Amino acid sequence: MKTIGVLALQGAFLEHECYLNKCIDKNDYDIKVQTVKTPAELELCDALIIPGGESTAISQIAERTGLYEHLYNFVRDRKKAVWGTCAGLIFLASELRNESELVKTLGILKVSVERNAFGRQSHSFVSECDFSSFLPEGNSFPAVFIRAPVIDHVIDERNVKVLHKLTSPQGSELIVAVRQGNILATSFHPELADDIRFHEWFINEFVI
Ligand SMILES: NC(=O)CC[C@H](N)C(=O)O
């Protein structure tokens with residue numbers, strides 16, 4: 001039995017739990033979903049999803065509750081899988097290019113991240129992405145970007161693999177999904193996509 005935790009300090013954690021349970025029901029995985037608010041709950045997990053939300057809030061609540069140090073160690077344990085979506089990507093990053101003053105990141109993902117790279121909430125969008133280079137039958141996946149960050153620089157090119165670049169309306173290539181060993185990070189929200197393929201891939205590729 002493997003346990004996948006969802007960090008439940010703030011943000012879209014219920015949606016991730018719901019999608020993980022849909023994957024378990026569909027594929028009969030020997031997996032348990034664990035809501036994580038405390039060090040004891042984190043201790044039970046083989047993997048952790050850090051959801052979208054507000055990275056400032058997530059990081060400040062983690063510090064205030066004493067969870068920060070435990071998360072810092074968890075994401076450095078090579079036996080554990082971690083997936084950060086949107087604010088979760090920010091929380092994992094080693095560098096923030098902007099709006100960094102109020103966020104204490106976990107600093108494990110060797111990238112530089114630009115917060116709110118597409119502008120305000122009203123600039124949020126869905127992009128049909130071709131993830132077939134890594135996601136089985138993933139040639140059309142509805143990637144939901146909500147006040148999303150982008151990776152503006154890969155610091156450790158040897159260990160960080162770029163999984164997907166989004167072409168902006170201005171024609172620039174924006175990195176929106178990377179993998180660093182057992183750490184996955186996405187700028188977008190598969191938990192809001194009405195499509196469980198990304199969660200199934202995370203389970204199959206990173207957890208079981
Ligand atoms: N949907 C999200 O997770 C938004 C992230 C948020 N804009 C931040 O900078 O933390």
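Computed from a predicted structure; not experimentally measured. In listed order, ligands and their atoms are each counted from 1.
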Margin query: Between Gln10 (side chain only) and Glu54 (backbone N and O only), is there a donor and an acceptor less than 3.5 Å apart?
Written below: yes

Part of [X] within contact of ligand 1 (heavy atoms, under 4.0 Å):
{"X": "Glu99", "answer": "neither"}
{"X": "Arg115", "answer": "side chain"}
{"X": "Thr85", "answer": "neither"}

Which of the numbered atoms in ligand 1 are under 4.0 angstrom from any heavy atom belonging to [X]?
{"X": "Gly52", "answer": "3 (O)"}
{"X": "Gly53", "answer": "2 (C), 3 (O), 4 (C), 5 (C), 6 (C)"}
{"X": "Glu54", "answer": "6 (C), 7 (N), 8 (C), 10 (O)"}
{"X": "Arg147", "answer": "4 (C), 5 (C), 6 (C), 7 (N)"}

Q. Considering only the protein, which heavy-atom contact is closest to atom 7 (N) of ligand 1, and what is its distance?
A.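 Ranking protein heavy atoms by distance from atom 7 (N) of ligand 1, first comes Asn116 OD1, 2.6 Å.
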
task = Considering only non-hydrogen protein atoms, determine which one is nearest to atom 10 (O) of ligand 1 and report residue, atom name and distance to 0.1 Å.
result =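 So the nearest neighbour among protein heavy atoms is Ser55 OG, 2.6 Å.
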
[X] to ligand 1: N or O pair under 3.5 Å?
{"X": "Cys86", "value": "no"}
{"X": "Ile90", "value": "no"}
{"X": "Thr56", "value": "no"}

Q.
Can you tell whether the side chains of Glu137 and Arg197 come within less than 4.0 Å, N to carboxylate O?
A.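 Between Arg197 and Glu137 there is no salt bridge, as every charged N stays at least 4.0 Å from the carboxylate O atoms.
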
task = On the 0 to 90° scale, with breaks at 30° and 60°, tag the His16-His199 ring pair as parallel, tilted or perpendicular.
result = tilted

message: Once you measure the plane-to-plane angle for Phe202 and Trp83, does it fall in the parallel (<30°), tilted (30-60°) or perpendicular (>60°) bin?
response: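 Tilted.
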
Task: Output field: ring centroids Phe198/Phe131 closer than 6.0 Å - done: yes

Regarding Arg179 and the six-membered ring of Phe206, is the cationic atom NZ or CZ under 6.0 Å from the ring centre and inside 45° of its axis?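 The answer is yes; both the distance and angle limits are met.
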
Practice problem: Report yes or no: is the cationic atom of Arg76 (NZ for Lys, CZ for Arg) under 6.0 Å from the centre of the six-membered ring of Tyr72, at an angle within 45° of the ring normal? | Solution: yes

Val113 and Arg97: CA distance, side-chain angles, deciding distance, side-chain contact (heavy atoms from CB on, under 4.5 Å) verdict:
CA-CA 6 Å; Val113 169; Arg97 211 181 81 177; over 6 Å; no

